[in-house]
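Here is how names work: the chains are called A, B, and so on, in the same order as the sequence lines, proteins then strands, and each is numbered from 1.
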Amino acid sequence: MSIIEIALPDGSRRELPEGATAADLAAAIGPRLAKDALAASVNGQLSDLVRPLASGDSVAIVTPASAEGREVLRHSTAHVLAQAVCRLWPGAHYAIGPAITDGFYYDFELPNGEHFSENDMERIEEMMRTIVSEDQPFVRSEHSIDEGLALFADQPFKTEIITSVSTGANREDLAEVDASVVSAYRNTDSFVDLCRGPHVPRTSRLGHFKLMRVAGAYWRGDEKRPQLQRIYGTAWESADALKAHLYQIEEAKRRDHRLLGEELDLFSFPREIGPGLAVIHPRGGTIRRLMEDYSRRRHVQAGYEFVYTPHITKSELFETSGHLDWYRDGMYPPMELDEGQTYYLKPMNCPFHVLIFKSRPRSYRELPLRMFEFGSVYRYEKSGVVHGLTHVRGMTQDDAHILCTREQMRDELTNLLTFVLGLLREFGLNDFYLELSTRPAEKSVGSDQEWQEAEATLEEVARAEGLELVLDEGGGAFYGPKISVQARDAIGRTHQMSTIQLDFQLPQRFDANYIGADNAKHRPVMIHRALFGSVERFMAILIEHYSGALPTWLSPEQVVVVPVRDDHEEYATEIRDLLGASEVRARIEHADEPLGGRVRRAKTEKVPYILVVGDDDVAARTVGVNARSSESPERGVALTDFVSRLLAEIESHGLPEGR
RNA sequence: GCCGGUGUGGCGCAGUGGUAGCGCAACUGAUUUGUAAUCAGUAGGUCGUGGGUUCAACCCCCACCGCCGGCUCCA
């Protein structure tokens, strides 16, 4: 018998008899690996353990506690879900069931127009556990298109997939797959699923899963096609990993800005006003004012000028800008006035700013012209997508448009990116990566040269910042490339923050130009940019990032002074007034209930500093400092020391020196 | 928009085809207190809205509204 040679990830080589499988390889390496092995990665491609290896293959054994391992076991768990549903609802159609981040889903259509309800999850889960305990094998088979169609004759979604495979409709999937063959995985005589694989060897390798929710999902994501029911689940390699994930979900719930917004009395969505339209309460208003004030200050320093524009406009403006052509669905319906004029609420600020630029002839000496506005815009978001402050119908953008010459573009972008990151860091976000969206494949405006130059500049600028850069090939708008700053929050979620967008179209549509040094007309380049994105959404992200415990400089209330008895109130008042004189937001919690209760209230309100003052403090002009950030209170701190500490913290935004 | 869930005093929840309850908050009074809940009392709801079934609906049915989860992470 001949010998094959396999390369292992550590660079070593191992010889195996011909016909050996990845399972054999794992066994040859060690019993523990053999027991752990779920699948294999053969020359970078995931494959089943039982597939024979060829000489020269480089093979890595895939184990459960790895990204690939989880992907495989999640995908296999999805099959178990499908089988469970088919057992409980004979005749059910199953569509697709991939592994996704943290879990899997499967889309179904039940017979007789039946629907899952939330209560069914428990039954299905039970059936899944039965299937796991039956220790069914996953057996791969390969079929011709005709065989495949016969095998899945009663599964319309599967037959559609097979047909699309055979016609090569799904190119990217099949780059390396023979379009005349499909594969299937069989668990039992009665359950087989069309699938590329790979899968775990047996169902007993699964088990740490939980069905999370049921949701509607259109077949192929297309609203015009049938709506299926999607069951989402999560699956992990161990009970502990599952538990940790469920805990993480709980943690995210605890931080939900919608709940904290209510608890901390920051904002609300009165139903009298309408979905996605928030009112910001005084406490939330303080946060927002501080955010905006700080942003304004930074923008002034960075050479921006402030402009103000109306909330509504004649339709003509959005006809010229082109928004009515490609953004109409996102706009509130028009208002028809008596004189036959049509007005729209603005979904974007850019055309207004272009008009300011165009209000008189411009010289190259005026450029770059940087116009900033906290611009409130209204967008008619679909009713199902509005969500807290993050997806609303009325919001305020920290919007600016820079008009500059092409020669200035590079410097502007460079400075802009530094500016953005600097500003975001002041709010305590510090884990970023960048995403560059390049020219879309189909239609786009602007010359090749413009695009290339802009993309190259954005890329260069991104690299100069030394941040991770993710390429979103073809993801730019048709009118220009885009760079977006993504930030990771305290629990590792990423949020798209700032966007910087080049625009070759708008100056052209409005025929905006400037007179150059050569005394000829030139077209300026336009840069759209929002740093917070929407002020409301940014506020929501901060609330979640900090679990509502905003840094002292942003806290609606910074200090609560708690006199022990009411004869300490005079001293407490003095402290409050002293702080007030430095614009510190402080209030007194009067001595009409026990100290513990008053401290507790201030704690639940997440006030950064509670100052307890009693006999000792009045005598020595000290305070007892109970800081939000510390486990135990500090007694006898000199009042002057506390004040200077506090002011320094507020001034520095609580960030370390040399930030 | 579509699918599923949900809607009870300001907030968090209970509740049953037969006159609506608890905790917190609020208000009043007492309590004068050294670091996460002092005690007592009072008030507050046409049970999301509109229809229907019934002798009787918060509960059952229908419609609408709001909110929650999701709706191309692709055999």
Side-chain angles (χ1 to χ4, degrees), chain A residues 71 74-75 78-79 94-105 107 115-121 148 152 155 157-165 170 172-174 177 182-185 193-197 212-232 253 256 258-259 262-263 265 268-276 329 381-388 560 562-569 590-605 610-617 623-627 632-636:
Chain A
E71 190 183 325
R74 282 168 187 158
H75 192 179
H79 278 228
Y94 41 111
I96 56 172
I100 57 174
T101 310
D102 298 338
F104 59 91
Y105 67 77
D107 289 347
H115 287 286
F116 296 118
S117 86
E118 216 98 313
N119 309 334
D120 294 324
M121 294 306 106
F152 292 102
Q155 288 293 337
F157 301 108
K158 297 297 175 189
T159 52
E160 183 176 329
I161 293 164
I162 295 170
T163 308
S164 72
V165 167
N170 226 346
E172 30 186 309
D173 275 358
L174 293 151
V177 176
V182 295
S183 57
Y185 282 78
D193 192 1
L194 181 71
C195 185
R196 217 167 11 180
M212 302 303 285
R213 63 185 85 91
V214 56
Y218 297 99
W219 170 232
R220 298 285 197 194
D222 183 346
E223 300 183 29
K224 292 181 197 71
R225 312 199 63 178
Q227 186 165 39
L228 310 176
Q229 275 196 300
R230 174 170 298 177
I231 296 178
Y232 281 95
K253 262 191 213 159
D256 192 318
R258 294 167 300 183
L259 302 179
E262 168 142 7
E263 238 169 69
D265 194 16
S268 62
F269 294 89
R271 61 169 62 182
E272 293 86 337
I273 299 177
D329 288 349
E381 302 290 352
K382 288 196 288 181
S383 64
V385 307
V386 297
H387 177 97
V560 169
V562 186
V564 174
R565 272 192 325 269
D566 56 11
D567 52 327
H568 303 126
E569 188 135 339
H590 300 286
D592 49 12
E593 63 179 310
L595 186 64
R598 290 179 285 154
V599 169
R600 180 174 191 277
R601 176 148 359 109
K603 286 281 187 190
T604 55
E605 288 169 8
I610 299 165
L611 300 184
V612 175
V613 292
D615 289 333
D616 302 349
D617 299 295
V623 290
V625 180
N626 190 333
S632 53
E634 195 182 349
R635 286 284 295 271

5' priority, RNA chain B, between A:His79 and A:His387 [closest heavy atom]: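 The residue whose closest nucleotide sits nearer the 5' end is A:His387.
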Pairwise 5' ranking along RNA chain B for A:Lys603 and A:Glu593, keeping only the more 5' one: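 Its nearest nucleotide being more 5', the pick is A:Glu593.
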Least distance between heavy atoms, A:His75 atom then A:Gly97 atom: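 Taking every non-hydrogen atom into account, CD2-O, 3.4 Å.
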Side-chain donor/acceptor of A:Arg598 to backbone N/O of A:Asp592, under 3.5 Å: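 Not at all, since once roles are kept as given, no pair shorter than 3.5 Å links the two residues.
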Nearest 0.5 Å please: distance from the [atom1] atom of [X] over to the [atom2] atom of [Y].
{"X": "A:Arg225", "Y": "A:Tyr218", "atom1": "CZ", "atom2": "OH", "value": "13.5 Å"}
{"X": "A:Ile610", "Y": "A:Arg600", "atom1": "CD1", "atom2": "CZ", "value": "11.5 Å"}
{"X": "A:Glu160", "Y": "A:Gln155", "atom1": "CD", "atom2": "CD", "value": "13.0 Å"}
{"X": "A:Phe152", "Y": "A:Leu194", "atom1": "CZ", "atom2": "CG", "value": "5.0 Å"}
{"X": "A:Trp219", "Y": "A:Asp107", "atom1": "CH2", "atom2": "CG", "value": "8.0 Å"}

Atom [atom1], compared across [N] and [M]: separation rounded to whole Å:
{"N": "B:A57", "M": "B:A25", "atom1": "P", "answer": "37 Å"}
{"N": "B:C47", "M": "B:G10", "atom1": "C1'", "answer": "16 Å"}
{"N": "B:G48", "M": "B:U8", "atom1": "C1'", "answer": "10 Å"}
{"N": "B:G15", "M": "B:G7", "atom1": "P", "answer": "11 Å"}
{"N": "B:C59", "M": "B:G52", "atom1": "C1'", "answer": "15 Å"}
{"N": "B:U42", "M": "B:C22", "atom1": "P", "answer": "12 Å"}
{"N": "B:A20", "M": "B:C13", "atom1": "C1'", "answer": "14 Å"}
{"N": "B:C73", "M": "B:G17", "atom1": "P", "answer": "44 Å"}

Using a heavy-atom cut-off of under 4.0 Å over every strand shown, decide if [X] touches base, sugar-phosphate, or nothing.
{"X": "A:Gly624", "result": "base"}
{"X": "A:Phe116", "result": "sugar-phosphate"}
{"X": "A:Glu223", "result": "nothing"}
{"X": "A:Asp567", "result": "nothing"}

Who pairs with B:G7 - Watson-Crick or G-U, where each distance is under 3.5 Å: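 Checking every strand shown, B:G7 finds its partner in B:C65, with both distances under 3.5 Å.
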Looking only at side-chain atoms of [X], point me to the closest of [options].
{"X": "A:Gln229", "options": "B:U31, B:G66, B:G4", "result": "B:G4"}
{"X": "A:Arg213", "options": "B:C74, B:G69, B:C11", "result": "B:G69"}
{"X": "A:Pro633", "options": "B:G7, B:U35, B:A37", "result": "B:U35"}
{"X": "A:Val599", "options": "B:G7, B:G4, B:U35", "result": "B:U35"}

Cationic tip of A:Arg213 above A:Tyr232 ring, under 6.0 Å, 45° of axis: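 That pair qualifies as a cation-pi contact.
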Quick one: is [X] getting a side-chain N or O under 4.0 Å of the [N] phosphate, OP1 or OP2?
{"X": "A:Arg258", "N": "B:C67", "answer": "no"}
{"X": "A:His115", "N": "B:G4", "answer": "yes"}
{"X": "A:Thr604", "N": "B:A36", "answer": "no"}

Heavy-atom donor-acceptor pair, A:Asp617 side-chain to B:G34 base, under 3.5 Å: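 For A:Asp617, whose side chain was compared with the base of B:G34, there is a donor-acceptor pair (under 3.5 Å).
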Rounded interatomic separation in angstrom, taking CE from A:Met212 and C1' from B:G5: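 Distance check: A:Met212 CE to B:G5 C1' gives 15 Å.
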Under 3.5 Å, which N/O atoms of the protein pair with N/O atoms of nucleotides 71-73 of chain B?
unit_1, atom_1, unit_2, atom_2, d
B:C71, OP1, A:Tyr232, OH, 3.3
B:C71, O4', A:Gly216, O, 3.0
B:C71, O2', A:Tyr218, N, 3.1
B:C73, O2, A:Thr101, N, 3.0
B:C73, O2, A:Thr101, OG1, 2.9
B:C73, N3, A:Thr101, OG1, 3.4

